[in-house]
Amino acid sequence: MVPTLIGRIQTRLFLLATVGVVITLLVMPVVPGAAGPLGDLYVTGLLVLVAVGVLGVGWELLYHFLMQFRWEKDWPTLFGLLTLVPEGLLLYFLLRSGAVGFIDPIPPAAFWTHFTVVWVSMWLVANGPMRVPFIRWRFRGGRVL
Amino acid sequence: MVASAGIPMYDIPFLTAGGGIGSFVTLDYLRIYGVPTSQMRVVSNIDHPWQTYEFLTRCSQIPRSERIRSDSSSRPDNLWGFPSYALEEAWKDKNPAYLWQLLTEPLLNDYWTPRAGTVFENLEREAKRIGYWDMLVKGQVRMVRRRSGGGYFTVVTPPEGAAPTKRIVFRSRFVHIAVGYPGLKFLPDLQEFRTKYSDYQHVVNAYEPHEQVYEFLKTRPGTVVIRGGGIVASRVLQRLFDDRERLGLKTQIIHIFRTFVTGSHGPHIWARRKGGDGWAYQGFNYPKSVWGGQLKAEMRKLEGADRAKKYKEMGGTNTPYRRRWQEQMRAGRSGGYYHAVQGTVDRVERAPDGRLVSYVRSSDGIVREPVADYIIDCTGLEADIAEHRVFADLLTYGGAGRNPVGRLDVERHFEVKGTASGDGALYASGSATLGGYFPGVDTFLGLQIAAQEIADDLARRGFVRKMGPLRSTSQWFKWVFNSPV
């Protein structure tokens with residue numbers, strides 16, 4: 001899929017709300033370094049997804065801008081995977097600094113395990129299986145609606 | 001009137017003329033949406049949908065074992081594009097390197113592209129699965145005309161002896177035309193030479209069989225002039241370089257570019273394509289975003305001159321940057337057997353010794369006169385759509401018109417503008433429709449995009465139900481298990 005701006009944002013939110021939620025429910029019970037009741041972990045995990053979505057709108061604007069320097073106006077598969085590094089780092093430091101007050105502090109191992117597994121799963125789904133139920137998605141720059 | 005003329009007439013709700021990959025993917029879509037084979041026919045003079053494509057790729061030096069210039073997820077046999085060709089080849093060849101290439105393309109690696117053979121084998125599998133040959137009617141389409149009662153008549157010449165009359169007629173509500181390239185066009189100076197000397201052996205088009213060139217070069221050292229700067233020129237060069245390496249030949253190559261690209265080019269920093277050594281580099285025939293990204297969205301909104309301008313901006317002959325080709329050309333330049341020059345050719349003459357002299361004028365005024373044993377035209381010029389009799393007839397009598405770049409004018413859903421007839425519709429896809437709201441028409445994925453638009457339009461008209469996520473998923477599983485639609 002070669003994205004348009006609105007398609008990028010929609011795809012991100014859609015995948016967070018589907019793949020992201022399912023993966024969070026699956027991995028939170030087994031992430032390393034996390035303590036406390038499972039309910040609280042789930043709340044934290046889901047709030048991280050919300051933060052990835054909200055910050056993501058800003059990130060997508062930046063990616064869209066950078067994409068303009070590419071003749072093909074494409075976004076190589078690898079970029080979609082590697083952007084987990086800056087996005088993860090920013091969110092991690094925001095959480096550590098307490099700037100996102102409504103999310104409880106998460107141990108580093110728990111954060112990175114959850115974040116990476118969710119990201120890679122979303123990336124894998126976006127690079128293939130997503131096209132199976134949604135045959136028009138890739139021709140519309142990633143728009144779901 | 002038709003009946004009284006004694007011409008047999010058959011009713012078929014949907015008919016597609018052409019029988020190449022354009023017809024195939026349209027039928028594939030409609031079969032998967034749920035149209036039974038009894039409702040559709042494809043009229044064609046070829047036996048299987050990839051026949052013409054395979055002929056042209058083989059001539060232009062891509063046999064089944066070589067890789068075509070097409071994206072991994074552009075699969076005419078699989079409308080979902082998943083699993084992509086790379087996943088399939090990686091699985092079958094037990095070669096995870098393909099996946100690494102797919103992951104790192106086009107940054108650390110060339111674009112991964114499928115083998116021609118992979119494409120043809122899968123097309124055959126899918127054609128069997130959807131009952132393609134139950135829908136095939138052999139014959140040559142002569143014309144498509146509107147019916148006064150709505151819908152269309154398609155006049156077909158069946159193969160000799162196949163029918164009692166010289167013509168048969170189909171009466172349909174919907175007709176789709178995907179007859180491919182109207183024809184090949186030669187560079188004018190080469191056409192003139194061929195006509196003047198009646199020599200069709202030494203001046204050849206890369207899209208016609210020209211194995212004699214390579215055979216000659218095996219017997220004695222010779223010189224070849226290549227014309228054109230596109231993918232076909234790249235492939236022909238590779239063949240010449242490969243033969244040179246493999247057989248120790250002494251072939252000299254003179255490569256004439258009309259437009260010689262020396263580096264990155266384009267009007268501003270957001271519209272600059274890479275290039276060098278004569279070539280403009282681009283992964284595929286179009287910038288990647290025409291098949292679904294920004295360019296597709298932009299073009300869809302443009303009309304008239306604005307659209308023509310956009311086509312011009314992203315157009316121009318180009319070829320992919322492939323590391324293997326770069327190596328071979330570098331070796332050729334340093335070894336003194338590959339010479340690339342800019343120039344336009346005024347004329348080609350036959351020298352007293354029977355060889356071919358090209359009179360090449362460069363933009364700096366220098367005139368060169370390279371002498372060669374063979375000239376291979378790799379420009380791939382296409383003839384005007386009116387050269388094809390079905391289009392000529394539609395333009396004259398059918399209400400069809402031309403788009404801003406001179407080809408067949410179609411709507412966003414690929415209905416030919418001005419040809420509506422009652423509750424029927426006439427669609428066209430492929431090369432003839434270049435210049436429309438969607439640019440990548442003459443590509444695998446472009447044909448599928450057109451097919452999807454057509455299928456969705458037919459759904460709006462009540463011919464079939466629009467396919468949603470559930471049917472799509474269940475149909476995908478049928479594809480996976482190769483069970484009938």
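Any value given below was found using the heavy atoms of this structure, including those in side chains, with hydrogens, waters and symmetry copies removed. Below, chain A is the first sequence line, B the second, and so on; all start at residue 1.
The two atoms that bring B/Phe82 and A/Gly128 nearest to each other are CD1-CA, 3.4 Å, heavy atoms only. In this structure, B/Pro106 and A/Arg70 approach most closely via the heavy-atom pair CG-NH2, 3.9 Å. Considering all non-hydrogen atoms of both residues, B/Leu102 and A/Thr77 come closest at O-OG1, 4.3 Å. Contact record, B/Gly283 with A/Glu72: N-OE2, 3.2 Å, taken as the closest heavy-atom pair.
Chosen from B/Tyr33, B/Phe438, B/Tyr286, the residue pairing most often with chain A at heavy-atom distances under 4.5 Å is B/Tyr33. The residue among B/Ala297, B/Gly81, B/Gly468, B/Ser264 with the most heavy atom pairs within less than 4.5 Å of chain A is B/Gly81. When each of B/Leu470, B/Asp456, B/Leu295, B/Asn78 is checked for heavy-atom pairs under 4.5 Å with chain A, B/Asp456 comes out on top. Counting heavy-atom pairs closer than 4.5 Å to chain B, the top-ranked of the candidates A/Gln68, A/His64, A/Met1 is A/Gln68. Residue with the most contacts toward chain A among B/Ser84, B/Pro83, B/Ala271, B/Gly266: B/Ala271 (heavy-atom pairs, distance under 4.5 Å). Options A/Pro3, A/Gly7, A/Pro129 differ in how many heavy-atom pairs under 4.5 Å they form with chain B, and the most are formed by A/Pro129.
Of the residues listed (B/Thr104, B/Leu107, B/Leu103), the one engaging A/Pro76 in a side chain to side chain contact (heavy atoms under 4.5 Å, CB included) is B/Leu107, and it is the only one.
For B/Phe477, no part lies under 4.5 angstrom from a heavy atom of chain A. In this structure, the portion of B/Glu313 lying under 4.5 Å from any heavy atom of chain A is its backbone and not its side chain. Within the 4.5 angstrom heavy-atom criterion, only side-chain atoms of A/Leu81, from C-beta onward, approach chain B. Within the 4.5 angstrom heavy-atom criterion, only backbone atoms of B/Arg272 (N, CA, C, O) approach chain A. In this structure, chain A has a heavy atom under 4.5 Å from the side chain of B/Gln452, while its backbone stays farther away. In this structure, the portions of A/Arg136 lying under 4.5 Å from any heavy atom of chain B include both its backbone and its side chain. Interface residue A/Met67: only side-chain heavy atoms are found under 4.5 Å from chain B. Of the two parts of B/Tyr281, neither the backbone nor the side chain holds a non-hydrogen atom closer than 4.5 Å to a non-hydrogen atom of chain A. With a 4.5 Å cut-off on non-hydrogen atoms, B/Lys296 touches chain A through its side chain but not through its backbone.
Between A/Ile135 and B/Gln475, the closest side-chain pair of non-hydrogen atoms is not below 4.5 Å. Side chains of A/Trp71 and B/Lys274 form no contact here, defined as non-hydrogen atoms less than 4.5 Å apart. Contact check for B/Leu445 versus A/Phe139: side-chain heavy atoms found under the 4.5 Å cut-off.
To the nearest 0.5 Å, the span separating CZ on A/Arg140 from CZ on B/Arg300 amounts to 8.5 Å. To the nearest 0.5 Å, atoms CZ (A/Arg138) and OG (B/Ser74) are separated by 6.5 Å.
For B/Arg465, the CZ atom counts as loosely surrounded, since its 6.0 Å shell holds 12 or fewer non-hydrogen atoms of other residues, nucleotides or ligands. The environment of CD1 in B/Ile269 is sparse: at most 12 heavy-atom neighbours from other residues, nucleotides or ligands sit within 6.0 Å.
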### Message
Determine whether A/Phe69 and B/Trp270 satisfy the following criterion, side-chain contact (heavy atoms from CB on, under 4.5 Å), listing intermediate values before the conclusion.
### Response
CA-CA 5 Å; A/Phe69 293 93; B/Trp270 282 1; 3.4 Å; yes
